[in-house]
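Right, one structure below, let's go through it.
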There are 2 protein chains.
Amino acid sequence: MKTYILPKQSRWPKLIQRPKMKQADLSILVAEIFSAVEQSGDKAVEKYSRLFDRNDLETVRVSEQALRNAIKNVSPDLQLAIQTAARNIEQFHRSQFETTKIVETMRGVKCWRESRAIEKIGMYIPGGSAPLFSTVLMLGIPAKIAGCTELVLCTPANQQGQIDPAILFTAHLLGLTQVFAVGGIQAIAAMTFGTNTIPKVDKIFGPGNQYVTAAKQYAQNFGVAIDMPAGPSEVLVIANKKSNPVFVAADLLAQAEHGADSQVILLSDSEQVVRKTQDELRKQLTALPRKAIASKALKQSRSLVLENIETCFEFSNAYAPEHLIVAFDAFEEFLPFIKNAGSVFLGTNTCESLGDYASGTNHTLPTNGYARNYSGVSLDSFLKKITFQQVSDLGLRNIGNVVEVMAEAENLHAHKQAVSVRLQALNRQSKKRT
Amino acid sequence: MKTYILPKQSRWPKLIQRPKMKQADLSILVAEIFSAVEQSGDKAVEKYSRLFDRNDLETVRVSEQALRNAIKNVSPDLQLAIQTAARNIEQFHRSQFETTKIVETMRGVKCWRESRAIEKIGMYIPGGSAPLFSTVLMLGIPAKIAGCTELVLCTPANQQGQIDPAILFTAHLLGLTQVFAVGGIQAIAAMTFGTNTIPKVDKIFGPGNQYVTAAKQYAQNFGVAIDMPAGPSEVLVIANKKSNPVFVAADLLAQAEHGADSQVILLSDSEQVVRKTQDELRKQLTALPRKAIASKALKQSRSLVLENIETCFEFSNAYAPEHLIVAFDAFEEFLPFIKNAGSVFLGTNTCESLGDYASGTNHTLPTNGYARNYSGVSLDSFLKKITFQQVSDLGLRNIGNVVEVMAEAENLHAHKQAVSVRLQALNRQSKKRT
């Protein structure tokens with residue numbers, strides 16, 4: 001971890017840069033697989049699963065029985081933990097429902113919004129070294145609350161054709177029935193076009209490697225929406241003199257172990273806290289199973305000592321971190337300073353992993369600086385908000401001429417005419433009455 | 001307008017298709033202009049403005065004085081109309097603010113969301129035959145309410161270097177000061193990278209021709225967000241026996257005059273209403289200044305007579321129209337049927353043009369079937385919702401083990417450790433106290 005003492009503000013643009021990723025140009029591969037899946041459906045999906053995931057599954061759909069039986073391979077402790085997390089996540093996301101407010105902008109002119117679920121949702125859950133059953137909770141629960149009618153889950157099987165039982169248990173807990181043992185580009189293509197086995201969806205959610213990310217990006221050319229642009233995970237910690245270096249180091253490592261491309265940033269007004277944290281980092285790192293990954297991530301990470309805590313928040317806003325940890329308890333006065341962040345963890349107790357799993361907030365968050373212009377996943381991500389308006393006779397009399405004048409000024413005479421024919425009809429009616 | 005009487009449901013997938021657009025592949029042109037603007041800034045912007053808009057502006061920034069003076073060339077009637085529309089739009093969008101709700105998901109575990117403005121907003125306002133000052137209202141007002149700090153407006157000047165005074169008047173009314181006489185791909189590129197004159201923004205809004213649309217799409221590769229994917233405008237009208245064919249025809253024409261690529265769809269359970277509407281269409285069309293455009297649009301439009309009104313709503317959901325007009329007054333029972341639509345106009349009085357200009361709802365809406373998975377522009381489009389969490393000692397005791405168990409099961413030991421070090425510290429403290 002490189003340390004910068006009081007860097008000038010003119011250097012910030014360099015210091016907020018994410019590690020450059022060596023990215024292969026996957027566009028040709030993605031286009032090829034999409035085209036094959038569009039044309040040959042399941043056959044193409046199976047072909048690419050054999051090729052990339054080296055499994056040879058006759059059917060990719062996970063049976064009801066397999067979903068039901070997964071519980072046998074999940075410890076009671078883990079079952080209980082998942083259920084507790086599910087309750088918290090459900091409670092927080094349910095609170096995000098908006099009640100319909102009818103606004104009468106002029107007398108007789110009523111406007112309001114109503115929420116409707118996006119009907120068909122696709123969830124991509126990575127397999128591999130970290131079986132992310134927590135992501136099943138983070139996507140499946142708000143989708144259920146929103147009322148999405150079709151929930152499709154794709155996750156790659158290992159070479160033995162198996163899916164981690166915790167993923168299956170969690171899917172079954174949420175009542176998901178359409179679970180498919182398929183991963184990678186071919187999974188995203190299948191959910192984009194639909195095959196005989198895998199349904200076509202309206203919006204695709206979930207994290208993934210660079211193949212999945214490129215495929216999600218490409219899927220948007222075919223009318224599918226995605227949750228947000230993706231990038232490696234990151235945390236920014238703001239520590240002051242009272243912060244505990246043991247906790248801060250543990251938080252930095254929790255992010256660093258995600259992947260060699262993760263980035264962690266430590267900001268402080270105290271050089272001493274930064275030094276102590278770095279000592280702690282070295283100590284804690286030795287005991288870590290994913291030590292090799294974390295070390296690589298730390299190499300491209302940064303500590304900055306800045307003038308004061310206000311400046312730390314300014315830097316944080318410029319960086320726009322996915323996760324922001326405010327590692328001290330007197331945080332209240334600084335809340336209004338926070339402008340760009342995905343999710344914020346306040347106080348010495350509140351480590352990021354609480355939110356990653358169980359506090360109730362969503363862990364699907366904007367990375368790579370996208371916290372400047374994107375929100376994390378929430379109930380809203382599974383809803384459309386449709387506007388409605390209704391205008392009474394009085395309302396039409398109040399607003400009609402305003403629209404006639406504006407439409408004429410925009411040279412849109414038929415727009416004007418749609419109002420005029422109605423106003424004329426109203427006037428004829430009134431004359432008849434009098 | 002082609003009419004289909006009781007088409008089988010198996011034919012719907014054909015009937016919901018939008019007109020195929022002949023689209024030039026603009027990717028090379030867009031990439032060239034983006035690269036030039038990234039490297040040469042204002043110089044490149046000026047070069048392409050000369051080339052495409054054939055104007056030769058020394059400075060593209062509209063002066064404060066020009067903004068202030070625009071009022072002289074806007075009729076008092078239009079000034080008043082714009083002000084009235086602005087009030088309605090402001091009232092409706094202001095009602096979309098959410099109050100912060102703190103949810104205690106477990107005792108001592110508090111989660112909430114706070115809204116923060118996206119700081120820098122770019123608005124693209126097309127020039128040309130229809131000077132869309134109404135779009136200045138629809139984008140500028142929610143941006144102001146959200147608290148966006150930098151609002152940049154780009155709009156092409158005509159060959160005399162002039163911008164429609166109604167656009168300048170509206171911009172000035174909203175207090176916009178950064179208005180630039182630049183259009184097309186170069187405008188979008190300038191807002192993406194920033195130049196000496198035109199600021200870089202975080203999110204770009206607004207309609208445009210195929211060049212602007214392609215440029216907005218491409219801008220996303222450089223960390224910029226956009227409002228939504230764009231396509232030609234469209235309306236779907238559901239009429240029953242009581243609908244007024246004069247009104248319905250006027251509504252269809254108001255959409256058709258937008259562009260030759262607009263699509264209008266009429267659904268009814270009554271063949272008679274469809275016939276009468278078509279007679280009316282022919283009549284009203286003759287008087288229209290944009291008759292040529294509207295005729296072309298009508299050619300690729302459709303009337304469908306369906307079994308009953310329920311089936312009309314089913315078809316409408318499959319089509320997912322940008323604008324849905326329910327052209328009869330007994331609409332109440334059908335509201336829950338509406339699943340996919342951008343904005344809905346209820347009852348015989350409520351023509352689409354009311355919402356296009358002044359009712360208060362936003363007119364920037366999802367087209368091309370995107371009403372299945374996107375909402376229209378609202379206050380939310382200018383905000384991020386950041387999640388916050390704070391956990392007390394009691395909270396950490398309640399939730400800590402849940403997270404330890406889950407993190408371990410996902411093989412993320414540093415995630416677990418971040419909790420464990422805190423629980424251990426808590427336990428040491430309690431021991432000291434007892």
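Everything numeric here is computed off the predicted structure, so don't read it as measured data. Excluded from the calculations below are hydrogen atoms, water molecules and symmetry mates; all remaining heavy atoms, backbone and side chain alike, are included. Proteins get letters first, then strands, A, B, ... in listed order; numbering begins at 1 in each.
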In terms of heavy-atom proximity below 4.5 Å to chain A, should [X] be classed as side chain, backbone, both, or neither?
{"X": "Leu383(B)", "result": "backbone"}
{"X": "Val224(B)", "result": "backbone"}
{"X": "Asp356(B)", "result": "side chain"}
{"X": "Arg113(B)", "result": "both"}
{"X": "Leu396(B)", "result": "side chain"}
{"X": "Ala409(B)", "result": "both"}
{"X": "Ala287(B)", "result": "neither"}
{"X": "Ile338(B)", "result": "both"}
{"X": "Val419(B)", "result": "both"}
{"X": "Pro336(B)", "result": "backbone"}

>> As a quick check of understanding, evaluate side-chain contact (heavy atoms from CB on, under 4.5 Å) for Asn244(A) and Arg422(B), giving each step before the final call.
In response: CA-CA 10 Å; Asn244(A) 184 334; Arg422(B) 285 169 164 93; over 6 Å; no
Could you check which of [options] has the highest count of heavy-atom pairs closer than 4.5 Å to chain B?
{"options": "Gly376(A), Pro289(A), Gly360(A), Ala371(A)", "value": "Pro289(A)"}
{"options": "Ser75(A), Ala85(A), Ser353(A)", "value": "Ser353(A)"}
{"options": "Cys111(A), Gly342(A), Ala358(A)", "value": "Cys111(A)"}
{"options": "Glu98(A), Glu104(A), Lys203(A)", "value": "Glu98(A)"}
{"options": "Cys351(A), Ala250(A), Pro366(A)", "value": "Cys351(A)"}
{"options": "Met228(A), Gln417(A), Lys339(A), Lys101(A)", "value": "Lys339(A)"}

[X] portion near chain B, given a 4.5 angstrom heavy-atom threshold:
{"X": "Ser420(A)", "value": "neither"}
{"X": "Gln217(A)", "value": "neither"}
{"X": "Leu288(A)", "value": "side chain"}
{"X": "Asp393(A)", "value": "both"}
{"X": "Ser392(A)", "value": "backbone"}
{"X": "Ile386(A)", "value": "both"}
{"X": "Leu423(A)", "value": "neither"}
{"X": "Val421(A)", "value": "both"}
{"X": "Val74(A)", "value": "neither"}
{"X": "Ile167(A)", "value": "neither"}

Is there a side-chain contact between [X] and [Y] in this structure, where contact means two heavy atoms from C-beta onward sitting under 4.5 Å apart?
{"X": "Pro229(A)", "Y": "Gln220(B)", "answer": "no"}
{"X": "Gln83(B)", "Y": "Val402(A)", "answer": "no"}
{"X": "Asn88(B)", "Y": "Met106(A)", "answer": "yes"}
{"X": "Arg372(B)", "Y": "Ile118(A)", "answer": "no"}

If I take atom [atom1] from residue [X] and atom [atom2] from residue [Y], how far apart are they, to the nearest 0.5 angstrom?
{"X": "His413(A)", "Y": "Leu253(B)", "atom1": "NE2", "atom2": "CG", "answer": "13.5 Å"}
{"X": "Asn373(B)", "Y": "Ile226(A)", "atom1": "CG", "atom2": "CD1", "answer": "11.5 Å"}
{"X": "Ser134(A)", "Y": "Met406(B)", "atom1": "OG", "atom2": "CE", "answer": "5.5 Å"}
{"X": "Leu346(B)", "Y": "Trp112(A)", "atom1": "CG", "atom2": "CH2", "answer": "5.0 Å"}
{"X": "Glu408(A)", "Y": "Leu78(B)", "atom1": "CD", "atom2": "CG", "answer": "10.0 Å"}

>> Please evaluate residues His415(B) and Glu257(A) with respect to the criterion side-chain hydrogen bond (donor to acceptor under 3.5 Å, both in side chains), reporting the C-alpha separation (whole Å), side-chain torsions for both, the decisive distance (0.1 Å), and the verdict.
In response: CA-CA 8 Å; His415(B) 280 64; Glu257(A) 77 170 343; 2.7 Å; yes
> Do you know which of Thr105(A), Ile102(A), Val103(A) makes side chain to side chain contact (heavy atoms under 4.5 Å, CB included) with Ser95(B)?
Replying inline: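 Output: one option passes, namely Val103(A).
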Hey, are [Y] and [X] close enough side-chain-wise for a donor-acceptor pair under 3.5 Å?
{"X": "Asn340(A)", "Y": "Glu119(B)", "result": "yes"}
{"X": "Thr387(A)", "Y": "Ser343(B)", "result": "yes"}
{"X": "Thr350(B)", "Y": "Gln389(A)", "result": "no"}

> Would you say Lys385(A) has more than 12 foreign heavy atoms packed within less than 6.0 Å of its NZ?
Replying inline: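 More than 12 heavy atoms, drawn from other residues, nucleotides or ligands, come within 6.0 Å of this atom.
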>> Using modelled atom types and a 3.5 Å cut-off, is there a donor and acceptor pairing between side-chain atoms of Gln390(B) and backbone atoms of Gly347(A)?
In response: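 No.
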>> For chain A, which candidate among Phe331(B), Phe382(B), Tyr357(B) shows the most heavy-atom pairs at distances under 4.5 Å?
In response: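 If we count pairs closer than 4.5 Å to chain A, Tyr357(B) comes out on top.
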> If you look at every heavy atom in Lys384(A) and Tyr374(B), which pair is closest and at what distance?
Replying inline: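 That would be CG-O, 3.6 Å.
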